[in-house]
Participant: 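Before I ask anything, here is the structure I am working with.
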Amino acid sequence: MNATRTAPPHLVEVRRYRYRIEPRGAMRVPGVVFASRELLADAEQSLAQVAGVATLPGIVTASYAMPDIHWGYGFPIGGVAASDVADGGVVSPGGVGFDISCGVRLLAADCDRRTLGPALRQVMDGLDRAIPRGAGPGGVWRPSGTGERERILRGGSRYAVQRGFGEERDLVRCEDGGAVADAEVTEVGERARERGLGQVGSLGSANHFLEVQQVDEVHDTAAATAFGIAPGQICVMIHCGSRGLGHQICTDHVRLMDRAMTRYGITVPDRQPACTPVESPEGEAYLGAMAAVANYGRANRQLLSDATRRVFRQAAGVRLSLVYDVSHNLAKLETHEVDGAPRRLCVHRKGAARAFPPGHPDLPDDLRSTGEPVLIPGTMGTASYVLAGVPGGDAFHSTCHGAGRRMSRHEAARTVTGRELRARLEQHGIAVRPRSWRGLSEETPEAYKDVAAVVAASEGAGLCRTVARLVPLGVVKG
DNA sequence: ATGTAC
(Lines give C-alpha, C1' and ligand atoms only; values in the text may rest on other atoms or scores of the structure.)
Protein backbone atom coordinates (compact mmCIF):
# COMPACT_ATOMS: atom_id res chain seq x y z
CA MET A 1 0.00 0.00 0.00
CA ASN A 2 1.27 3.46 -0.84
CA ALA A 3 1.54 6.12 1.81
CA THR A 4 -0.01 9.52 1.19
CA ARG A 5 1.88 11.40 -1.48
CA THR A 6 3.94 14.11 0.12
CA ALA A 7 5.58 17.03 -1.61
CA PRO A 8 8.65 15.92 -3.55
CA PRO A 9 11.94 16.58 -1.76
CA HIS A 10 13.59 19.92 -2.34
CA LEU A 11 16.43 19.94 -4.86
CA VAL A 12 19.38 22.30 -4.68
CA GLU A 13 21.40 22.83 -7.85
CA VAL A 14 25.05 22.26 -6.89
CA ARG A 15 26.31 22.87 -10.39
CA ARG A 16 25.13 22.13 -13.89
CA TYR A 17 23.82 18.53 -14.11
CA ARG A 18 24.19 17.94 -10.36
CA TYR A 19 21.42 18.41 -7.77
CA ARG A 20 21.36 17.60 -4.09
CA ILE A 21 18.63 16.55 -1.66
CA GLU A 22 19.68 17.53 1.88
CA PRO A 23 19.32 14.72 4.44
CA ARG A 24 16.07 15.13 6.38
CA GLY A 25 14.22 12.87 8.79
CA ALA A 26 15.41 9.29 8.52
CA MET A 27 17.77 9.99 5.60
CA ARG A 28 21.30 8.86 6.54
CA VAL A 29 22.99 10.47 3.52
CA PRO A 30 22.03 13.13 0.98
CA GLY A 31 20.45 12.40 -2.38
CA VAL A 32 22.45 13.32 -5.47
CA VAL A 33 20.61 13.60 -8.78
CA PHE A 34 22.47 13.98 -12.06
CA ALA A 35 20.16 15.65 -14.55
CA SER A 36 19.19 18.77 -16.42
CA ARG A 37 16.13 20.89 -15.49
CA GLU A 38 14.30 19.53 -18.54
CA LEU A 39 14.94 15.89 -17.59
CA LEU A 40 13.90 16.57 -13.99
CA ALA A 41 10.49 17.76 -15.13
CA ASP A 42 9.60 14.13 -15.90
CA ALA A 43 11.14 12.69 -12.72
CA GLU A 44 9.42 14.55 -9.88
CA GLN A 45 7.70 11.68 -8.09
CA SER A 46 10.73 9.38 -8.27
CA LEU A 47 12.75 11.90 -6.21
CA ALA A 48 10.86 10.68 -3.14
CA GLN A 49 12.30 7.26 -3.90
CA VAL A 50 15.83 8.73 -4.00
CA ALA A 51 15.19 10.13 -0.50
CA GLY A 52 13.68 6.80 0.65
CA VAL A 53 16.77 4.86 -0.47
CA ALA A 54 18.90 7.28 1.59
CA THR A 55 17.34 5.80 4.76
CA LEU A 56 18.74 2.29 4.16
CA PRO A 57 21.01 0.94 6.92
CA GLY A 58 24.71 1.21 6.09
CA ILE A 59 24.25 3.40 3.02
CA VAL A 60 27.38 5.45 2.28
CA THR A 61 28.13 8.76 0.52
CA ALA A 62 24.77 9.37 -1.15
CA SER A 63 21.65 7.91 -2.75
CA TYR A 64 22.31 8.61 -6.43
CA ALA A 65 20.01 9.04 -9.42
CA MET A 66 21.05 9.02 -13.06
CA PRO A 67 19.57 11.39 -15.68
CA ASP A 68 17.18 8.67 -16.93
CA ILE A 69 15.60 8.26 -13.48
CA HIS A 70 11.98 7.11 -13.38
CA TRP A 71 9.58 5.44 -10.95
CA GLY A 72 10.44 1.87 -9.94
CA TYR A 73 9.59 -0.73 -7.33
CA GLY A 74 11.15 0.57 -4.10
CA PHE A 75 14.24 2.04 -5.69
CA PRO A 76 13.94 4.38 -8.66
CA ILE A 77 15.06 3.01 -12.01
CA GLY A 78 18.28 4.91 -12.64
CA GLY A 79 19.25 4.58 -8.97
CA VAL A 80 22.66 3.74 -7.51
CA ALA A 81 23.20 3.04 -3.82
CA ALA A 82 26.05 1.37 -1.93
CA SER A 83 26.06 0.03 1.60
CA ASP A 84 29.06 -0.72 3.81
CA VAL A 85 29.10 -4.48 4.38
CA ALA A 86 31.09 -4.32 7.64
CA ASP A 87 28.80 -1.63 9.03
CA GLY A 88 25.54 -3.58 8.87
CA GLY A 89 25.02 -2.50 5.26
CA VAL A 90 22.01 -4.06 3.55
CA VAL A 91 21.23 -5.63 0.22
CA SER A 92 17.80 -5.06 -1.33
CA PRO A 93 16.21 -6.94 -4.24
CA GLY A 94 14.34 -3.69 -4.99
CA GLY A 95 17.74 -2.09 -5.64
CA VAL A 96 18.31 -4.51 -8.50
CA GLY A 97 14.80 -4.79 -9.88
CA PHE A 98 12.65 -7.61 -11.18
CA ASP A 99 14.69 -8.06 -14.32
CA ILE A 100 17.93 -9.13 -12.63
CA SER A 101 20.92 -8.99 -14.99
CA CYS A 102 19.02 -7.13 -17.68
CA GLY A 103 21.66 -5.71 -19.95
CA VAL A 104 22.98 -4.94 -23.38
CA ARG A 105 25.31 -6.66 -25.78
CA LEU A 106 26.79 -5.06 -28.89
CA LEU A 107 28.21 -7.02 -31.81
CA ALA A 108 30.12 -5.41 -34.68
CA ALA A 109 29.85 -6.76 -38.23
CA ASP A 110 32.76 -7.03 -40.66
CA CYS A 111 30.87 -4.85 -43.15
CA ASP A 112 29.31 -1.41 -43.45
CA ARG A 113 25.84 -0.37 -44.63
CA ARG A 114 26.97 -0.08 -48.24
CA THR A 115 28.55 -3.54 -48.47
CA LEU A 116 25.61 -5.18 -46.66
CA GLY A 117 23.34 -3.68 -49.34
CA PRO A 118 20.00 -5.36 -50.09
CA ALA A 119 20.96 -8.40 -47.95
CA LEU A 120 19.61 -6.36 -44.99
CA ARG A 121 16.13 -7.55 -45.89
CA GLN A 122 17.13 -11.23 -45.83
CA VAL A 123 18.91 -10.62 -42.53
CA MET A 124 15.76 -9.07 -41.02
CA ASP A 125 13.58 -11.91 -42.29
CA GLY A 126 16.08 -14.42 -40.93
CA LEU A 127 16.10 -12.73 -37.53
CA ASP A 128 12.30 -12.60 -37.57
CA ARG A 129 12.31 -16.40 -37.81
CA ALA A 130 15.29 -17.10 -35.54
CA ILE A 131 14.75 -14.85 -32.51
CA PRO A 132 12.20 -16.11 -29.94
CA ARG A 133 10.41 -13.19 -28.31
CA GLY A 134 7.27 -12.04 -26.56
CA ALA A 135 5.89 -13.17 -23.21
CA GLY A 136 5.92 -16.80 -22.19
CA PRO A 137 8.17 -19.76 -22.92
CA GLY A 138 10.36 -20.48 -25.94
CA GLY A 139 14.11 -20.11 -26.45
CA VAL A 140 16.75 -21.00 -29.03
CA TRP A 141 18.10 -23.82 -26.90
CA ARG A 142 16.70 -26.07 -24.21
CA PRO A 143 19.10 -27.38 -21.54
CA SER A 144 18.86 -31.17 -21.46
CA GLY A 145 18.49 -31.68 -17.71
CA THR A 146 19.29 -30.60 -14.17
CA GLY A 147 23.06 -30.78 -14.74
CA GLU A 148 23.03 -28.53 -17.77
CA ARG A 149 20.61 -26.11 -16.11
CA GLU A 150 22.93 -25.75 -13.13
CA ARG A 151 25.97 -25.30 -15.38
CA ILE A 152 24.23 -22.32 -16.99
CA LEU A 153 23.52 -20.81 -13.57
CA ARG A 154 27.17 -21.32 -12.55
CA GLY A 155 28.89 -20.65 -15.86
CA GLY A 156 26.83 -18.03 -17.72
CA SER A 157 28.29 -17.06 -21.10
CA ARG A 158 31.36 -19.13 -20.25
CA TYR A 159 29.30 -22.32 -20.26
CA ALA A 160 27.41 -21.29 -23.39
CA VAL A 161 30.72 -20.78 -25.21
CA GLN A 162 32.05 -24.12 -23.91
CA ARG A 163 28.91 -25.73 -25.24
CA GLY A 164 29.69 -24.34 -28.72
CA PHE A 165 27.49 -21.21 -28.76
CA GLY A 166 30.23 -18.68 -29.36
CA GLU A 167 33.95 -18.10 -29.49
CA GLU A 168 36.51 -17.92 -26.70
CA ARG A 169 37.19 -14.24 -27.48
CA ASP A 170 33.56 -13.39 -26.59
CA LEU A 171 34.37 -14.01 -22.95
CA VAL A 172 37.12 -11.39 -22.89
CA ARG A 173 34.50 -8.84 -23.91
CA CYS A 174 31.94 -9.76 -21.27
CA GLU A 175 31.65 -8.04 -17.90
CA ASP A 176 33.29 -10.43 -15.39
CA GLY A 177 34.60 -12.63 -18.20
CA GLY A 178 31.07 -13.93 -18.84
CA ALA A 179 30.30 -15.34 -15.38
CA VAL A 180 30.37 -14.35 -11.72
CA ALA A 181 31.88 -16.91 -9.39
CA ASP A 182 29.59 -16.59 -6.37
CA ALA A 183 26.42 -18.13 -7.83
CA GLU A 184 24.57 -20.27 -5.29
CA VAL A 185 22.30 -22.54 -7.30
CA THR A 186 20.71 -24.04 -4.19
CA GLU A 187 19.15 -20.61 -3.52
CA VAL A 188 17.31 -20.74 -6.85
CA GLY A 189 13.89 -22.19 -6.09
CA GLU A 190 12.20 -24.87 -8.15
CA ARG A 191 9.58 -22.54 -9.57
CA ALA A 192 12.24 -20.09 -10.77
CA ARG A 193 14.20 -22.94 -12.38
CA GLU A 194 11.14 -24.19 -14.18
CA ARG A 195 10.31 -20.75 -15.53
CA GLY A 196 13.88 -20.23 -16.72
CA LEU A 197 14.38 -23.62 -18.32
CA GLY A 198 12.40 -23.02 -21.49
CA GLN A 199 13.49 -19.39 -22.03
CA VAL A 200 17.25 -19.64 -22.58
CA GLY A 201 17.95 -17.58 -25.69
CA SER A 202 14.83 -15.39 -25.85
CA LEU A 203 14.30 -11.64 -25.94
CA GLY A 204 11.14 -11.26 -23.89
CA SER A 205 8.93 -8.24 -24.37
CA ALA A 206 8.35 -4.58 -23.43
CA ASN A 207 11.52 -2.49 -23.94
CA HIS A 208 13.68 -5.46 -24.87
CA PHE A 209 14.83 -5.62 -28.47
CA LEU A 210 17.34 -6.76 -31.00
CA GLU A 211 18.38 -4.08 -33.48
CA VAL A 212 20.51 -4.01 -36.57
CA GLN A 213 22.22 -0.63 -36.36
CA GLN A 214 24.73 1.49 -38.21
CA VAL A 215 27.47 3.56 -36.58
CA ASP A 216 26.33 7.10 -37.36
CA GLU A 217 28.88 9.27 -35.52
CA VAL A 218 32.16 8.56 -33.82
CA HIS A 219 33.04 11.09 -31.11
CA ASP A 220 36.17 9.39 -29.80
CA THR A 221 38.13 7.61 -32.53
CA ALA A 222 40.75 6.06 -30.24
CA ALA A 223 38.13 4.48 -27.97
CA ALA A 224 35.94 3.40 -30.91
CA THR A 225 38.95 1.71 -32.50
CA ALA A 226 39.76 -0.11 -29.26
CA PHE A 227 36.11 -1.23 -28.99
CA GLY A 228 36.15 -2.38 -32.64
CA ILE A 229 33.68 0.05 -34.23
CA ALA A 230 34.06 2.60 -37.04
CA PRO A 231 31.80 5.04 -38.95
CA GLY A 232 29.24 3.34 -41.20
CA GLN A 233 29.81 -0.08 -39.67
CA ILE A 234 26.90 -2.45 -39.17
CA CYS A 235 26.28 -3.49 -35.55
CA VAL A 236 23.75 -5.60 -33.67
CA MET A 237 22.49 -4.49 -30.28
CA ILE A 238 20.71 -6.98 -28.02
CA HIS A 239 18.83 -5.69 -24.97
CA CYS A 240 17.31 -8.40 -22.77
CA GLY A 241 17.39 -9.89 -19.31
CA SER A 242 16.68 -12.99 -17.29
CA ARG A 243 13.03 -13.50 -18.24
CA GLY A 244 10.78 -15.37 -15.80
CA LEU A 245 13.74 -16.70 -13.82
CA GLY A 246 14.88 -13.28 -12.56
CA HIS A 247 11.31 -12.20 -11.92
CA GLN A 248 10.64 -15.27 -9.79
CA ILE A 249 13.88 -14.85 -7.81
CA CYS A 250 13.03 -11.22 -7.05
CA THR A 251 9.50 -12.19 -5.96
CA ASP A 252 10.74 -15.08 -3.78
CA HIS A 253 13.48 -13.12 -2.03
CA VAL A 254 11.45 -9.94 -1.46
CA ARG A 255 8.96 -12.15 0.37
CA LEU A 256 11.70 -13.79 2.47
CA MET A 257 13.28 -10.44 3.32
CA ASP A 258 9.97 -8.78 4.06
CA ARG A 259 9.36 -11.38 6.75
CA ALA A 260 12.91 -11.19 8.13
CA MET A 261 13.34 -7.40 8.20
CA THR A 262 11.71 -6.73 11.54
CA ARG A 263 14.03 -9.28 13.16
CA TYR A 264 16.93 -7.05 12.14
CA GLY A 265 15.13 -3.97 13.43
CA ILE A 266 14.92 -2.40 9.95
CA THR A 267 12.04 -0.12 9.05
CA VAL A 268 11.67 1.42 5.61
CA PRO A 269 9.12 3.83 4.13
CA ASP A 270 5.97 2.17 2.71
CA ARG A 271 7.35 -1.28 3.66
CA GLN A 272 9.56 -1.09 0.63
CA PRO A 273 12.25 -1.60 -0.40
CA ALA A 274 12.63 -4.85 1.55
CA CYS A 275 16.21 -5.47 2.64
CA THR A 276 18.38 -7.33 5.15
CA PRO A 277 22.08 -7.01 6.02
CA VAL A 278 24.46 -8.36 3.37
CA GLU A 279 25.90 -10.49 6.16
CA SER A 280 22.66 -12.27 7.10
CA PRO A 281 21.31 -15.62 5.90
CA GLU A 282 18.65 -13.80 3.84
CA GLY A 283 21.15 -11.34 2.36
CA GLU A 284 23.58 -14.08 1.42
CA ALA A 285 20.77 -16.20 -0.02
CA TYR A 286 19.60 -13.34 -2.23
CA LEU A 287 23.11 -12.46 -3.43
CA GLY A 288 23.82 -16.12 -4.24
CA ALA A 289 20.58 -16.49 -6.19
CA MET A 290 21.08 -13.11 -7.86
CA ALA A 291 24.56 -14.16 -9.04
CA ALA A 292 23.08 -17.33 -10.56
CA VAL A 293 20.49 -15.21 -12.37
CA ALA A 294 23.26 -12.83 -13.51
CA ASN A 295 24.91 -15.80 -15.21
CA TYR A 296 21.62 -16.90 -16.75
CA GLY A 297 21.10 -13.42 -18.23
CA ARG A 298 24.54 -13.53 -19.82
CA ALA A 299 23.99 -17.02 -21.21
CA ASN A 300 20.70 -15.71 -22.61
CA ARG A 301 22.48 -12.93 -24.50
CA GLN A 302 25.23 -15.36 -25.60
CA LEU A 303 22.66 -17.76 -27.07
CA LEU A 304 20.88 -14.93 -28.88
CA SER A 305 24.23 -13.75 -30.27
CA ASP A 306 24.89 -17.23 -31.62
CA ALA A 307 21.48 -17.32 -33.33
CA THR A 308 22.11 -13.84 -34.75
CA ARG A 309 25.56 -14.79 -36.07
CA ARG A 310 24.03 -17.77 -37.87
CA VAL A 311 21.50 -15.52 -39.60
CA PHE A 312 24.11 -12.97 -40.68
CA ARG A 313 26.41 -15.72 -41.97
CA GLN A 314 23.71 -17.48 -43.95
CA ALA A 315 21.90 -14.43 -45.29
CA ALA A 316 24.86 -12.15 -45.98
CA GLY A 317 28.14 -14.00 -45.36
CA VAL A 318 28.84 -11.50 -42.59
CA ARG A 319 30.78 -12.18 -39.38
CA LEU A 320 30.01 -10.53 -36.02
CA SER A 321 32.49 -9.94 -33.22
CA LEU A 322 31.57 -8.97 -29.70
CA VAL A 323 32.17 -5.36 -28.64
CA TYR A 324 30.95 -5.77 -25.05
CA ASP A 325 28.23 -7.19 -22.81
CA VAL A 326 27.22 -5.26 -19.72
CA SER A 327 24.33 -5.46 -17.28
CA HIS A 328 22.49 -2.45 -15.84
CA ASN A 329 20.48 -4.29 -13.13
CA LEU A 330 22.79 -5.84 -10.56
CA ALA A 331 24.14 -5.57 -7.03
CA LYS A 332 27.85 -6.24 -6.65
CA LEU A 333 30.35 -6.46 -3.86
CA GLU A 334 33.05 -3.95 -4.83
CA THR A 335 35.78 -2.02 -3.04
CA HIS A 336 35.54 1.76 -3.25
CA GLU A 337 37.08 4.58 -1.32
CA VAL A 338 34.76 6.16 1.25
CA ASP A 339 36.00 9.14 3.29
CA GLY A 340 39.55 8.36 2.21
CA ALA A 341 39.54 4.66 3.12
CA PRO A 342 38.82 1.58 0.97
CA ARG A 343 35.55 -0.07 2.02
CA ARG A 344 33.85 -3.25 0.88
CA LEU A 345 30.50 -2.12 -0.47
CA CYS A 346 27.37 -3.71 -1.83
CA VAL A 347 26.75 -1.50 -4.86
CA HIS A 348 23.19 -1.60 -6.21
CA ARG A 349 22.81 -0.46 -9.80
CA LYS A 350 19.20 -0.48 -10.95
CA GLY A 351 18.87 0.94 -14.43
CA ALA A 352 22.44 2.18 -14.16
CA ALA A 353 25.52 0.80 -15.88
CA ARG A 354 28.94 0.23 -14.39
CA ALA A 355 31.52 2.50 -16.01
CA PHE A 356 35.02 1.70 -14.74
CA PRO A 357 37.63 4.37 -15.48
CA PRO A 358 40.73 3.89 -17.65
CA GLY A 359 43.34 1.84 -15.81
CA HIS A 360 40.89 -0.15 -13.70
CA PRO A 361 42.34 -3.62 -12.96
CA ASP A 362 39.06 -5.45 -13.73
CA LEU A 363 38.97 -4.27 -17.35
CA PRO A 364 40.11 -6.55 -20.20
CA ASP A 365 43.76 -5.87 -21.15
CA ASP A 366 42.95 -4.38 -24.56
CA LEU A 367 40.41 -1.94 -23.05
CA ARG A 368 42.31 -0.93 -19.91
CA SER A 369 43.64 2.35 -21.30
CA THR A 370 40.21 3.27 -22.72
CA GLY A 371 37.80 2.72 -19.84
CA GLU A 372 34.84 0.39 -19.61
CA PRO A 373 32.46 0.35 -22.58
CA VAL A 374 28.89 1.36 -21.69
CA LEU A 375 26.06 0.42 -24.02
CA ILE A 376 22.97 2.64 -24.04
CA PRO A 377 19.92 1.27 -25.82
CA GLY A 378 17.88 4.15 -27.20
CA THR A 379 14.27 4.15 -28.28
CA MET A 380 12.99 2.73 -31.56
CA GLY A 381 13.59 5.11 -34.40
CA THR A 382 16.04 7.34 -32.55
CA ALA A 383 19.56 6.35 -31.59
CA SER A 384 21.65 4.25 -29.26
CA TYR A 385 25.04 5.16 -27.79
CA VAL A 386 28.37 3.67 -26.88
CA LEU A 387 30.00 5.47 -23.94
CA ALA A 388 33.12 4.87 -21.87
CA GLY A 389 34.06 5.20 -18.21
CA VAL A 390 36.10 8.25 -17.20
CA PRO A 391 38.71 8.97 -14.53
CA GLY A 392 37.15 10.15 -11.30
CA GLY A 393 33.68 8.92 -12.33
CA ASP A 394 31.14 9.50 -9.55
CA ALA A 395 28.42 7.29 -8.05
CA PHE A 396 30.82 4.35 -7.59
CA HIS A 397 31.68 4.44 -11.29
CA SER A 398 28.18 4.30 -12.71
CA THR A 399 26.26 6.05 -15.45
CA CYS A 400 22.88 6.12 -17.21
CA HIS A 401 21.36 3.05 -18.90
CA GLY A 402 18.87 4.26 -21.49
CA ALA A 403 16.31 6.86 -22.42
CA GLY A 404 14.06 6.33 -19.41
CA ARG A 405 10.30 6.06 -19.65
CA ARG A 406 8.22 9.25 -19.56
CA MET A 407 4.72 7.93 -20.38
CA SER A 408 2.85 4.93 -19.00
CA ARG A 409 2.38 1.97 -21.34
CA HIS A 410 -1.33 2.70 -21.50
CA GLU A 411 -0.75 6.34 -22.34
CA ALA A 412 1.79 5.40 -25.01
CA ALA A 413 -0.56 2.91 -26.67
CA ARG A 414 -3.23 5.64 -26.86
CA THR A 415 -1.00 7.97 -28.89
CA VAL A 416 -0.40 5.59 -31.82
CA THR A 417 -1.36 2.14 -33.08
CA GLY A 418 1.31 -0.47 -33.73
CA ARG A 419 0.55 -0.49 -37.46
CA GLU A 420 0.82 3.31 -37.69
CA LEU A 421 4.11 3.23 -35.83
CA ARG A 422 5.55 0.57 -38.08
CA ALA A 423 4.55 2.55 -41.16
CA ARG A 424 6.19 5.65 -39.70
CA LEU A 425 9.43 3.80 -38.92
CA GLU A 426 9.53 2.12 -42.33
CA GLN A 427 9.14 5.54 -43.96
CA HIS A 428 12.33 6.48 -42.17
CA GLY A 429 14.05 3.40 -43.59
CA ILE A 430 13.79 1.29 -40.41
CA ALA A 431 12.60 -2.28 -40.94
CA VAL A 432 10.31 -3.52 -38.14
CA ARG A 433 9.64 -7.13 -37.19
CA PRO A 434 7.22 -6.99 -34.24
CA ARG A 435 5.64 -9.86 -32.41
CA SER A 436 2.64 -7.88 -31.16
CA TRP A 437 1.11 -4.61 -32.39
CA ARG A 438 0.15 -3.60 -28.88
CA GLY A 439 3.69 -4.21 -27.61
CA LEU A 440 5.06 -2.10 -30.45
CA SER A 441 2.77 0.86 -29.75
CA GLU A 442 3.69 0.83 -26.06
CA GLU A 443 7.30 1.40 -27.09
CA THR A 444 6.67 4.41 -29.28
CA PRO A 445 9.61 6.86 -29.09
CA GLU A 446 7.43 9.63 -27.56
CA ALA A 447 6.95 7.42 -24.50
CA TYR A 448 10.60 7.98 -23.63
CA LYS A 449 12.85 10.85 -22.68
CA ASP A 450 15.29 12.14 -25.27
CA VAL A 451 18.19 9.68 -25.13
CA ALA A 452 20.58 12.31 -26.52
CA ALA A 453 19.69 14.61 -23.59
CA VAL A 454 20.23 11.76 -21.11
CA VAL A 455 23.65 10.99 -22.59
CA ALA A 456 24.60 14.70 -22.66
CA ALA A 457 23.62 15.10 -19.00
CA SER A 458 25.58 11.97 -18.01
CA GLU A 459 28.64 13.23 -19.82
CA GLY A 460 28.15 16.76 -18.50
CA ALA A 461 27.92 15.40 -14.96
CA GLY A 462 31.33 13.74 -15.41
CA LEU A 463 30.04 10.14 -15.31
CA CYS A 464 31.17 9.03 -18.78
CA ARG A 465 32.21 10.20 -22.23
CA THR A 466 30.52 9.62 -25.58
CA VAL A 467 32.30 7.28 -27.96
CA ALA A 468 29.76 6.69 -30.73
CA ARG A 469 26.16 7.15 -31.78
CA LEU A 470 24.34 4.33 -33.59
CA VAL A 471 21.10 4.53 -35.56
CA PRO A 472 18.67 1.67 -36.18
CA LEU A 473 18.18 0.00 -39.57
CA GLY A 474 16.01 -2.88 -38.37
CA VAL A 475 14.17 -3.65 -35.15
CA VAL A 476 13.15 -7.09 -33.82
CA LYS A 477 10.70 -6.75 -30.91
CA GLY A 478 8.54 -8.86 -28.62
C1' DA B 1 10.28 -6.43 -16.28
C1' DT B 2 6.62 -10.54 -15.74
C1' DG B 3 2.98 -17.58 -17.71
C1' DT B 4 1.14 -8.55 -17.20
C1' DA B 5 -3.14 -11.05 -10.27
C1' DC B 6 -2.99 -15.29 -5.06
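Bear in mind the structure is a predicted one, so any value in this text is a computation, not a measurement. Proteins come first, then strands; the chains are lettered A, B, ... in the order of their sequence lines, and each starts at number 1.
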Participant: If I take atom NE2 in residue His410(A) and atom P in nucleotide dT4(B), what distance separates them, rounded to the nearest angstrom?
Facilitator: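 It works out to 19 Å between those atoms.
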Participant: Measure up the Phe356(A) and His397(A) rings against each other and bin them: parallel (under 30°), tilted (30 to 60°), perpendicular (over 60°).
Facilitator: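 Because their plane-to-plane angle is over 60°, the rings of Phe356(A) and His397(A) count as perpendicular.
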Participant: Just by distance, with hydrogens left out, do Ser327(A) and Glu175(A) show a side-chain donor and acceptor under 3.5 Å apart?
Facilitator: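 No, no side-chain donor-acceptor pair sits under 3.5 Å.
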Participant: Rounding to an integer number of Å, can you tell me how far Leu203(A) CG sits from dT2(B) P?
Facilitator: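 Rounded to whole Å, this separation is 10 Å.
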Participant: With respect to the phosphate group of dT2(B), does any side-chain polar atom (N or O) of Arg243(A) fall under 4.0 Å of OP1 or OP2?
Facilitator: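 True: Arg243(A) side-chain N/O within range (under 4.0 Å) of dT2(B) OP1/OP2.
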Participant: Can you tell me the distance, in whole Å, between the NE2 atom of His253(A) and the P atom of dT2(B)?
Facilitator: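 Going from NE2 in His253(A) over to P in dT2(B) covers 19 Å.
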Participant: In this structure, which one of Arg405(A), Arg424(A), Arg414(A) forms a salt bridge (charged side-chain N to carboxylate O under 4.0 Å, His left out) with Glu446(A)?
Facilitator: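 Only one option passes, and that is Arg424(A).
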Participant: Considering heavy-atom distances to DNA chain B, does Glu443(A) or Arg255(A) have its closest nucleotide positioned more toward the 5' end?
Facilitator: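 Result: Glu443(A).
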Participant: Arg191(A) has an atom CZ; how far is it from atom P of dC6(B), in whole Å?
Facilitator: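 The distance from CZ of Arg191(A) to P of dC6(B) comes to 8 Å, rounded to the nearest Å.
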Participant: In whole Å, what is the span from the OH atom of Tyr73(A) to the P atom of dA5(B)?
Facilitator: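 In whole Å, dA5(B) P and Tyr73(A) OH are 15 Å from each other.
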Participant: Expressed in angstrom and rounded to an integer, what is the separation of Phe98(A) atom CZ from dT4(B) atom P?
Facilitator: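 Rounded to whole Å, this separation is 13 Å.
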Participant: Quick one: sort the His401(A) and His70(A) rings into parallel, tilted or perpendicular, breaks at 30° and 60°.
Facilitator: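 Rings of His401(A) and His70(A): parallel, under 30°.
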Participant: With heavy atoms under 4.0 Å as the rule, sort Gly244(A) into base, sugar-phosphate or nothing.
Facilitator: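 Gly244(A): backbone/sugar contact only, no base atoms under 4.0 Å.
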Participant: Quickly work out the Asp252(A) CG to dT2(B) P distance and round it to whole Å.
Facilitator: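 Whole-Å distance recorded here is 16 Å.
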Participant: Remember a base hit wins even if backbone is also touched, and classify Glu194(A) as base, sugar-phosphate or nothing at under 4.0 Å, heavy atoms.
Facilitator: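 Counting heavy atoms under 4.0 Å across all strands, no contact is made by Glu194(A).
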Participant: Quick one: Arg405(A) CZ to dT4(B) P, roughly how many Å, whole number?
Facilitator: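 Those two atoms, CZ and P, are 18 Å apart.
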Participant: Think Ser205(A) has a side-chain N or O under 4.0 angstrom from the OP1 or OP2 of dT2(B)?
Facilitator: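 For dT2(B), OP1/OP2 do have a side-chain N/O of Ser205(A) under 4.0 Å.
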